[in-house]
Amino acid sequence: MTENSREASSVLAKHTYTVSAVVRGYAGRTLYVNVGDGVIESKPVTQEMKDKFIGGRGFDLWLLWNGVADDTKWDDPENEIVISSGPCGGTTQYPGSGKSIVATVSPLTNVVIDSNAGGHFGPLLKFAGWDAVEVQGKADKDVIVVIDGTTGTVRIEVAPEDAPGDTHLLGRWLLDRYAADEEARRYTSSITAGTGSEHTRMGCLNFSLYDRKRQDLRYKQAGRGGIGTVLRDKRIKALVVRSRPVKGDSNAPADLGRISRTGAEMHREVREFDPIQNRMRSRGTSYLVQIMDDYDLLPVHNFRYGSHPDTPQINGDVWEARFTQGLPDGCWYGCTIACAHAVDGYEVKSGPHKGQIVIVDGPEYETIAAVGSNCGIFDPDVVLEINFYCDTYGIDTISFGTALGFVMECYEAGVLDTEKTGGLELSFGSADAALAVLHQMGQGEAFGEVVGLGIRGMKRYFVEQYDTDARFLQDIGMEAKGLEYSEYVTKESLAQQGGYGLTNKGPHHDEAWLIFMDLVNNQLPTFEDKAEALHYFPMWRTWFGLCGFCKLPWNDVVHPKNAQSAEPSKIPHHVQNYVEIFSGVTGREVTSQDLIDMAEGVYNFQRVFNIRLGYGLREHDAIPYRSVGPVTAEEYESRADRYDEQLRELLNLEPETMSTEEKMSALRVHRERQYELLIDAVYERRGWTADGVPTLSKLQSLGIDYPEVVAVVERHL
Amino acid sequence: MILVNRREQIAWEEGLTVARLLERLRFTFPQIIVSVNGELVRRDEYGTRAVPDEADVRVVHLMAGG
């Protein structure tokens, strides 16, 4: 279809602009699109935004804050989806520099969710002239937002009725429609969801990248918190961006030589040490499956256990053999870590796309653990099938797997039966039933519609409909703030309980992963040690999201000289790399402490944002007991030696004289008390009150004491 | 006995090497830093470096996760 004929038939609104050059990592303006009333506007990026919010997640939060009201819900028209990469996004000299970060008010948590993805959208958006895109409103029919940096136009188009619903078909359809030749395909990217996003609260976004070697599309997911659900609620079928060809200096860094030298050294490290360390270039994050099992940290059967004898059937060796090898599987240009592996030529075995030959992106560790071991499924073909369908339906694999594990435990505990599940026998390991639920979620029908509510929604539903014991559901339902847990067993690491619980968006591993430091290394013996780690690492990880970086090059390959550093867990020589890259891109000379300070401002702003929306206090940092200790007698007895020893050593009890129930009760009182003490210590370190509210002096020291921010906080001081 | 990470007491055995100790502990994570009585042990020495009785062994696992 030609652009002229498309315009005549389907363009609801159009905006023209001059594509200005990127300067030191910034395009200098953001794009506002309202799909409800057709308003399309350009907004300037101010120096204040750059200084305080940096870019990426910081820009997302600032724009979202100014777009919504105190009482905005996820499905209100004024809710926004904001996408930004950050000043270093689009760098091709350093690995992992192409992330996009998305934020919205979440249908699962009712507070701000941020989620990041690889793929080409964020960098191409910047090279098309925009540091962020902010989408608001609700259309009355399906629309496609097209941002064309080659013509300087932004259009809201009606999506034709024959446009496919699921991502693996829709993405290709979009590419054919908007990128006529090979060069255009290379510099075009889309964001789509799928039919599952229309019917569940756990919808994800698929960010496309054109794979030059495969000459086909790949997708990376911004999975967490239901952003795909918001996209489809706005009746946005897709966002499409196209830019002029990307070159090594497209991000216009202040000092190209400086970032090139830093990048070259890092590339050497990757080539030399990855083959003898995590082997990301051949296995991606799947290497973690066996490791987590070895340390009793792999979620099995709804996080009851940490290992399983069948784990070798889904471990990294299996995936290394299944992944196509020898291709440069980076999700942005120049990434030598290249962990974005895929299984090519997979024949779909079930559901509406049965018989199609497809590329399955991943699976990554989180997906394997969530839909595999956590559900008692140790068949790699089933993991692949679920991975494919979750992605194309636009359903988050983590939320799906964690929610399904909860359902399976409910089924085995008698909370559910075949009458309630519509005939599905959903015990652990039931692969056919798991797939049936997933297809129902794709169609929004039968029991799949209930699972699509997410764990918090299901807990309410089961109590209301089946008069289930609410406390039992609270204990075993692996969600906090409404977000399903990602895939690590935290029972034996108090610091990681905080790493999940004391987060802004909910229990996800991208704030602080402290299990080894705490549980294995014994580097955090005191509450103060844990609190310090729960200050530093969440800030550090937040900083990646401000700039457009992936965290993997930071710590998934490491030079041996790191062993001699004073704080090897922080990987100081890689932190210095980021100092060099940020300074080299923006021209703003910074120190490693400056990076933490930047992130701390944004982190606290997000906390205040949650408070503004009616959450974000101490009561909202509560976590389910399954993440703290054994809920059932079977769970206790499976690791009885460990727990009995703790009762003896920590509580001076004599477990041999106690019943299992008495031992469980004593352990629970102790561990829940420890978590409360941890909260006290972390809040103090972060400069928050005992109720989790950032103090005025903290806001002032961070330079975010804007009147509207202070007004939110003052109501709670 | 030897002490691992200032917490775990492990029975010493004749001919104990770093590699054997890691195997007994099931410490399979590839990104670790090992020291014996304060002295760093290079990865290529794990199979030969002896761990004496009553040694203070630190095995620092770097971060992983997602």
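Here is the naming used below: chain letters follow the sequence lines, and residue numbers restart at 1 for every chain.
In this structure, CG in A:L514 is found 5.0 Å from CE in B:M63, a value given to the nearest 0.5 Å.
Closest heavy-atom contact between B:V60 and A:S569: CG1-OG, 4.4 Å.
Heavy atoms closer than 4.5 Å to chain B are found nowhere in A:E487, neither backbone nor side chain. For A:I515, no part lies near chain B; criterion is any non-hydrogen pair under 4.5 Å. Of the atoms belonging to B:R42, not a single heavy atom falls under 4.5 Å from chain A. For a residue to count as touching a neighbouring chain, one of its non-hydrogen atoms must lie under 4.5 Å from one of that chain's; by this rule A:L519 touches chain B with the backbone only. With a 4.5 angstrom heavy-atom cutoff, A:D518 touches chain B only via backbone atoms. Using a 4.5 Å cut-off between heavy atoms, A:N522 touches chain B through backbone and side chain atoms alike. Heavy atoms of B:L40 lying under 4.5 Å from chain A belong exclusively to its side chain. With a 4.5 Å cut-off on non-hydrogen atoms, A:F537 touches chain B through its side chain but not through its backbone.
For residues 20-37 of chain B, a heavy-atom distance under 4.5 Å to chain A picks out B:R26, B:F27, B:T28, B:F29, B:P30, B:Q31, B:I33, given by residue number.
For B:D44, the CG atom is densely surrounded, since the number of other residues' heavy atoms within 6.0 Å is greater than 12. The 12-atom threshold is exceeded at CD of B:Q9, counting heavy atoms of other residues, nucleotides or ligands nearer than 6.0 Å.
In this structure the side chain of B:N5 never reaches within 4.5 angstrom of the side chain of A:Q523, judged on heavy atoms.
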